[in-house]
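Take a look at the structure set out below.
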Amino acid sequence: MRTSAFFLSTLKEAPNEAELVSHKLMLRAGLISRLGSGLYSWMPLGLRVLRKIEQIVREEMNRAGALELFLPAVQPAELWQESGRWDRFGPQMLKIKDRHERDFCFGPTHEEVITDIARREIRSYRQLPVHFYQIQTKFRDEIRPRFGVMRAREFIMKDGYSFHADFASLEREYRNMFETYSRIFDRLELEYRAVAADTGAIGGTGSHEFHVLADSGEDVIAYGVDSDYAANVELAEALAPATARAPASQPMSRVATPGQHNIEEVSAFLKLPAKRIVKTLMVVTGDGREVFILLRGDHMLNAVKADRKFLLNEGFRFATEVEVRARLGADPGSIGPVGNHGLLVLADRAVMAMNDFACGANETDYHLTGVNFGRDLPEPAETADLRDVVEGDPSPDGKGVLGICRGIEVGHIFQLRTKYSEALGATFLDEAGQSRPMEMGCYGIGVSRIVAAAIEQNHDERGIVWPMPIAPFEIAIAPVGYRKSPEVKALADRLHQELAAAGIDVLLDDRDERPGVMFADLELIGIPHRITIGERGLRQGQVEYVSRRTGTTQMVEADGVTAFAKALVR
RNA sequence: CGGGGUGUGACGCAGCCUGGUAGCGUGCCUGCUUUGGGAGCAGGAUGUCGGAGGUUCGAAUCCUCUCACCCCGACCA
């Protein structure tokens with residue numbers, strides 16, 4: 001490809017709508033163009049990247065035995081009413097009406113449609129298992145679209161759905177997909193982790209998210225520093241402390257802590273590390289009971305875990321300041337579990353190992369120090385894992401400690417079991433002639449999001465640094481003086497022709513721009529390899545090679561440059 | 001949804017407070033010179049100042065409404 005025949009539209013300055021580095025670079029490099037909030041046009045350069053990702057996904061899905069099909073983007077309401085999700089999916093679903101005032105939605109996902117196909121097409125266990133997938137545009141009316149294609153409303157997703165006669169078969173396919181996804185992200189050359197995930201509202205027994213690791217990621221992941229363990233931080237278990245509680249060694253005393261309201265302030269004021277302070281949270285359960293939750297000062301409440309604890313009472317909320325004062329007669333910053341407060345006390349397991357700790361005195365601007373369970377207050381009524389894990393916690397798999405990092409979710413695999421097949425009546429006849437609902441799995445990959453995630457992970461101050469498998473062009477040829485020097489032009493043209501003939505994605509910058517302009521553009525758009533051809537080097541019979549990622553340069557014999565360039569790509 | 005902010009040429013911005021009919025940098029077009037890291041000179045094109053209404057002799061500027069976009073927000077304890 002020649003730049004004169006292509007369409008490059010680079011910007012020196014990023015439009016101010018962009019916050020995230022990948023978003024800025026995608027706009028500056030001309031990969032995408034914004035049409036509306038959460039709506040992006042894919043420009044030719046960006047589309048080349050998108051297509052390469054799609055192709056890798058497609059190849060690996062096919063290799064894994066899944067069958068590609070293509071489902072309608074617009075779906076009738078009836079199907080969603082049947083599954084019960086028409087109302088429950090919420091405002092994320094874009095609902096539309098046709099000319100007959102019939103309800104449709106622009107598909108946010110395709111479980112209903114695929115299950116409808118399965119119930120029409122599959123009658124016998126002999127047809128199972130089967131796995132259908134598609135690469136489709138979805139629309140989810142996000143509360144707050146942001147970060148460009150990272151959290152867009154319209155986006156491209158690979159979604160696959162498998163159907164099985166029994167759970168064992170589903171589990172096999174689940175493992176198959178786990179491996180397939182790993183292969184896909186390996187091939188994309190992204191740094192990623194498969195993390196155990198909460199199955200959430202979708203239900204089912206097993207679920208893994210695949211995260212591209214990046215500091216800007218929206219999700220927080222706990223991973224084993226010395227093992228394969230990885231889990232969403234909401235899900236990672238904080239193990240009970242291994243050491244027993246030390247005996248009390250200090251008397252309990254009441255100290256004035258004027259104006260010190262949060263753990264940080266109290267810690268600094270009392271010159272006591274946060275891990276020696278008990279954080280007391282007053283919450284109200286769904287059935288109206290007020291409860292104390294105790295956490296170590298340096299720990300954070302995990303709402304998912306606490307919610308599970310209160311499940312029978314339909315969740316919980318934090319008590320308001322008014323409620324706290326009415327109940328305890330103290331400001332929220334000075335409350336604690338000691339005294340005749342009458343509240344149920346629920347403690348995180350880490351708290352159980354604490355002795356001689358500090359906590360609020362239930363008197364505004366006062367705290368207690370040297371507090372001990374058993375002596376100064378009763379043991380908590382209940383203990384549980386209620387906190388987020390932190391860096392350095394023991395890994396739940398017993399191997400070493402946990403690290404914390406951020407990730408961008410680019411893939412998710414679920415064991416759906418029979419949730420949809422039952423709702424929609426997707427049944428089959430087993431060997432015994434019995435009608436049974438099919439076991440289902442579902443497997444998604446955020447194709448368009450991967451473009452942004454790849455950039456988050458691969459960029460520098462000059463621009464994008466594409467991993468080779470998804471680079472829009474693999475090699476750039478930058479001729480200096482293309483229009484002036486016949487020798488330069490001749491070699492550039494020949495190299496371009498020979499590489500293109502070899503099936504290499506090569507971009508010849510024939511714009512006759514100044515070198516600085518060419519170099520800056522080629523670096524911004526992130527082409528992995530650049531060969532610069534100029535009169536200067538040609539006099540020595542040489543051209544210059546530069547690696548985008550490492551920046552290392554190398555002089556190459558002009559005669560052998562085609563072979564050299566081919567070797568780079570292979 | 002709540003809070004905050006911004007809309008002025010393709011991109012980044014100034015002008016608004018204190019009304020007088022729009023400016024800067026980059027980019028774009030033409031010509032000449034230049035050509036190994038975002039060139040120089042000369043000439044040039046491009047703006048319903050987000051939209052509607054109002055105040056005024058006069059509105060980018062003041063007022064009202066509206067639309068779009070961006071950012072922040074779900075543990076002070």
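Predicted model only: the values in this text are computed from it and were never measured.
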Should A:F357 and A:F373 be marked as a ring pair (Phe, Tyr, Trp, His ring centres under 6.0 Å) after you check the CA-CA gap, both sets of side-chain angles, and the distance that decides it? CA-CA 9 Å; A:F357 59 81; A:F373 285 113; 5.3 Å; yes

Checking all strands, does A:G534 fall into the base, sugar-phosphate, or nothing category for heavy-atom contacts under 4.0 angstrom? base

Distance in angstrom units between A:F519 CZ and B:G37 C1', rounded: 7 Å

Ignoring backbone atoms, establish whether A:S334 has a side-chain N or O less than 4.0 Å from OP1 or OP2 of B:A77. no

Taking the P atom in each of B:G5 and B:C62, what is the distance between them to the nearest angstrom? 15 Å

Taking the six-membered ring for Trp and the full ring for Phe, Tyr or His, determine whether the centres of A:F292 and A:H341 are under 6.0 Å apart. yes

Would you please classify the geometry between the A:H23 ring and the A:Y40 ring as parallel, tilted or perpendicular, with 30° and 60° separating the classes? perpendicular

Using a cut-off of 4.0 Å on non-hydrogen atoms, how would the nucleic acid contact of A:E323 be classed: base, sugar-phosphate, or nothing? nothing

Establish whether the base of B:G37 is bridged to the side chain of A:E523 by a donor-acceptor pair shorter than 3.5 Å. yes

Pick base, sugar-phosphate or nothing for A:D331, based on heavy-atom distances below 4.0 Å to the nucleic acid. nothing

Return the value, rounded to whole Å, for the distance between atom NZ of A:K484 and atom P of B:U34. 8 Å

Name the nucleic acid region contacted by A:I263, choosing base, sugar-phosphate or nothing; use a 4.0 angstrom heavy-atom cut-off, strictly under. sugar-phosphate

Could you walk me through whether A:R325 and A:D331 pass the salt bridge (Lys or Arg N to Asp or Glu O under 4.0 Å) check? CA-CA 6 Å; A:R325 283 206 194 84; A:D331 283 351; 2.5 Å; yes

Assess whether one donor atom and one acceptor atom, taken from the side chain of A:E17 and the base of B:G7, lie less than 3.5 Å apart. no

Under 4.0 angstrom, heavy atoms only, what part of the nucleic acid is A:E265 near: base, sugar-phosphate, or nothing? nothing

Would one find a side-chain N or O of A:K279 under 4.0 angstrom from OP1 or OP2 of B:C75? no

Mind checking A:S37 for me? I need base, sugar-phosphate or nothing, with any heavy atom below 4.0 Å counting as a touch. sugar-phosphate

Is the shortest distance from a Lys or Arg side-chain nitrogen in A:R387 or A:E237 to a carboxylate oxygen in the other one below 4.0 Å? no

Considering only heavy side-chain atoms of A:R146, the closest of B:U35, B:G38, B:C72 is B:C72

Is A:R325 touching bases, backbone alone, or none of the nucleic acid, heavy atoms closer than 4.0 Å? nothing

Contact class for A:R144 (heavy atom, under 4.0 Å): base, sugar-phosphate, or nothing? base

Sugar-phosphate only, base, or nothing, as touched by A:R462 at under 4.0 Å among non-hydrogen atoms: base

Hey, does A:A14 reach any base, or is it just sugar-phosphate, or nothing, if we go heavy atoms under 4.0 Å? sugar-phosphate

Between B:G7 and B:G12 - P atom distance, rounded Å: 11 Å

